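This report concerns only the one structure given below.
The structure presented is a predicted model; accordingly, all values stated were derived computationally and were not measured. These numbers come from the heavy atoms of this one structure, side chains and all, not from hydrogens, waters or symmetry mates. Protein chains get the first letters and strands the later ones, always in sequence-line order, with residue 1 at the start of each.
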Amino acid sequence: MSAPAECGRASELTAFLQGETAPEEAEGLRLHLEGCLPCGRERARLEKVRAALLGVERVEPSADFTARVRRSLLRAHPEFLATPPPGKRWWRAFRPSPLVALSLAANAALALVAVWLFYFRAEPGEGAHEATLRWARGRAEPGSGREPGSPSELKGAALPGDANRVKLDHEAWQGRMGRDRHRLKFIEDRKPGGDKAVAAALEWLARAQRPDGGWAGASPQAGQASSPHLTGLSLLAFLGEGHTPAGGPHAGAVRRGLDFLLGEQRASGLVGTEPEGAMMGHAIAGMALLEAAILMRDERLAAAAAAAVSFTVSAQNRTGGWGRSWRGEDHDPFVVGWQVTFLRLAQVGGHAGVICPLLQADRRLRMAGGHEADAGGRASGSGGLRAVTAVGMLAHQMASPAWDTRLLWSRAETLLELSPIPGMEKASFGQNDLDFAYFGTLALHQLGGEGWTRWWHPLREKVLLLQARDGSWPADLDPWRAEGGQVHTTALAALILETPGRYPRMAE
Amino acid sequence: MHQNEWDLLSDAELVAEVKRGRLAAFTRLVERHQRSLINFFYHVSWDRQIAEDCAQEVFLRLFSHLDRYEPQAKFSTFLFRVARNLWIDRVRAANARAKPVSLEAVGAGGDERPLQERIAGNAATPVEILAERDQRDALRAAIERLPEEQRVVVVLGEFEGLKYQEIGAILDVPVGTVKSRMHAAMEKLKEMLLQVEA
């Protein structure tokens with residue numbers, strides 16, 4: 001037998017860890033935990049139990065289970081074999097389901113909130129922003145008289161190699177960086193949106209966290225180590241809802257996840273254990289560190305994020321793309337998608353040194369025209385090319401100070417031809433592509449208008465329908481990232497659902 | 001209605017369609033909830049065949065009880081209530097078939113534990129299982145040794161991800177009772193795992 005807990009509040013920990021403590025009590029308990037050693041030990045033991053429970057096997061229904069139930073029902077109630085009674089009115093076919101109505105209402109509310117933030121709360125608040133941006137500006141040598149993001153640096157910027165032909169529009173970028181201060185405020189003001197599906201997903205992710213603070217693709221019994229890739233993805237899902245180490249039910253999970261990533265960072269800035277094949281995980285982990293730095297205004301995180309940004313810039317290959325390894329030229333479009341999003345976020349945070357790499361990436365993808373031979377392993381002719389098109393759209397939106405709207409609309413039409421999640425049954429999950437769903441959602445959200453509406457509502461409903469009761473999504477929902485398991489599908493699905501509240505529209 | 005259109009309907013709307021005699025709506029309900037239901041029975045019985053048999057019976061009972069379903073209530077709560085009642089019936093039937101003995105009676109074959117401890121599960125103890133170096137089975141045994149009322153709370157809360165309030169509605173007990181049962185269960189599992197580690 002272990003020694004009895006030495007603190008009377010230890011009995012409250014089970015409910016606290018399961019998210020069943022009232023918010024006002026949770027905050028008090030969280031503070032108590034920071035200073036109470038016995039409760040800290042008890043919490044560690046209970047988390048170990050919960051991690052072990054997570055590994056308990058689940059079973060899948062037999063392939064013929066549904067058919068057996070149907071046969072039993074028909075034997076017991078043969079009246080089902082009769083023709084269904086009439087009475088379904090034609091107009092019901094056009095009536096939106098409660099889910100659609102809810103979705104429309106939620107989006108309308110989000111739009112109102114966004115408008116309110118931009119038009120009524122967009123006062124710069126100079127002091128606060130200065131403090132927030134210090135992480136980026138602090139990277140400049142003290143007393144050098146040259147800060148990243150200053151007009152002098154923009155004028156001195158030059159595109160390396162054959163990219164010199166790309167025109168750098170100083171005025172447009174300066175104007176854009178001015179507007180970025182308002183965009184940063186949007187990110188800083190993130191709050192949990194009250195979406196039950198996202199809340200359930202985050203609860204599941206919190207339960208899936210390993211004792212070392214990271215996340216891994218397989219069950220603990222499988223022995224798979226926690227990875228920066230899955231840890232970054234999971235953290236982005238928490239941060240996307242405004243959960244930080246500062247408070248809330250997931251404060252501990254986020255803090256431990258960030259500590260894991262900090263421990264995984266090399267002296268070069270790479271977040272990962274080895275350079276080979278680690279570039280996608282690095283970008284995702286770097287984004288998590290960067291978002292946390294912005295939300296927390298934390299110098300330690302800011303320094304780590306800045307080092308990760310520098311590594312991404314150094315890893316860009318000579319043609320302006322990124323490969324799966326350092327300066328690799330395999331041009332995995334999804335690696336490029338994550339790197340570009342990462343750099344754009346850094347630029348919104350005030351890091352002007354990433355503008356040239358962004359322009360090069362935009363140029364590289366525009367030249368490819370969304371018709372890369374290597375579509376991240378997807379067969380050409382399938383949805384793979386559309387996935388590449390989505391990344392190309394997003395890169396252009398992220399990297400260009402002036403959008404080519406004709407190009408974007410033509411690409412949007414391509415995306416809208418095919419759902420990224422056509423498979424709603426287990427047997428047809430092989431047709432799904434969550435990378436396409438994620439990048440397509442980001443790109444079309446940025447574009448807005450009818451294209452966004454046509455994309456978002458059906459996609460959101462499908463994502464919600466596929467969510468399991470425990471808050472997760474099936475591991476085999478996305479055949480392209482099978483190694484990531486349920487953690488990958490759950491984190492990415494949560495990020496898709498969070499999209500309208502995660503980033504502001506750049507064009508606004 | 002096309003298969004994908006059924007997918008867009010809520011559980012309450014599907015129930016309404018079943019009441020109108022639409023088999024496809026019933027099929028969709030089965031497809032939507034079979035996994036969680038089978039896993040509920042699996043985690044209380046650790047027998048896949050029993051789990052599927054019970055789940056099938058729940059769906060049949062469900063059809064007979066649909067008139068009792070209030071559309072404003074959560075369908076999964078209704079479903080798990082039916083499941084829970086079925087499981088109680090099974091446990092009672094199994095107990096009725098067994099020879100009545102005193103709860104304090106110790107077992108034969110050297111098992112010194114009183115029946116009320118053994119009734120929580122007749123599997124080997126976690127420590128014994130550990131001797132066979134099978135950690136997964138040890139945890140399984142630890143769950144199996146929980147009193148049935150605590151085991152169900154753990155299964156619904158930790159495996160099915162239900163909130164205390166919903167578990168309370170399923171078991172027809174106050175949230176405070178759910179909370180105390182969950183706490184007691186986690187304490188026992190913690191102690192068992194600590195023994196295993198030792």
What's the spacing between Y164(B) OH and T21(A) OG1 if we round to 0.5 Å?
7.5 Å
Answer yes when E60(A) and R35(B) have at least one side-chain N-carboxylate O distance shorter than 4.0 Å, and no when they do not.
yes
What's the verdict on side chain to side chain contact (heavy atoms under 4.5 Å, CB included) for K190(B) and K48(A), showing C-alpha distance, side-chain angles and the deciding distance?
CA-CA 8 Å; K190(B) 185 187 76 182; K48(A) 209 167 182 178; over 6 Å; no
Exercise: do E158(B) and Q18(A) side chains pair donor with acceptor under 3.5 Å:
yes
Can you tell which part of A55(B) gets under 4.5 Å to a heavy atom of chain A, answering side chain, backbone, both or neither?
both
I need the residue from S62(A), S472(A), G471(A) with the largest number of non-hydrogen atom pairs under 4.5 Å to chain B.
S62(A)
Minimum side-chain heavy-atom gap V69(A)-T27(B) below 4.5 Å:
no
For the interface with chain A, which of E187(B), M182(B), E57(B), R48(B) has the highest count of heavy-atom pairs at distances below 4.5 Å?
R48(B)
Side-chain contact, heavy-atom cut-off 4.5 Å: L46(A) with M186(B)?
yes
In short, R58(A) meets F159(B) closest at the heavy-atom pair NH1-O, 3.0 Å
Please report the C-alpha distance between L53(A) and H43(B) in whole Å, then the side-chain angles of each, then the deciding distance to 0.1 Å, and finally whether the side chain to side chain contact (heavy atoms under 4.5 Å, CB included) criterion is met.
CA-CA 11 Å; L53(A) 288 173; H43(B) 289 133; over 6 Å; no
Pick from R50(A), E12(A), E203(A): which one has the most heavy-atom pairs with chain B under 4.5 Å?
R50(A)
Should the heavy atoms of other residues, nucleotides or ligands under 6.0 Å from NZ of K196(A) be counted, would the total exceed 12?
no
Do the side chains of L73(A) and V30(B) get nearer than 4.5 Å, heavy atoms only?
no
Using only atom types and a distance under 3.5 Å, with no angle test, would you say the side chain of Q34(B) pairs donor to acceptor with the backbone of P61(A)?
no
Would a distance-only check, ignoring hydrogens and angles, find a side-chain to backbone donor-acceptor pair under 3.5 Å from H183(B) to L13(A)?
no
Side chains of L465(A) and R32(B) in contact at under 4.5 Å (non-hydrogen atoms):
yes
Atom group of K179(B) that falls short of 4.5 Å from chain A, counting heavy atoms:
side chain
Who wins among N39(B), L162(B), L60(B) for the most heavy-atom pairs under 4.5 Å with chain A?
N39(B)
Looking only at heavy atoms, what is the nearest atom pair of S36(B) and R469(A), with distance?
OG-CD, 3.9 Å
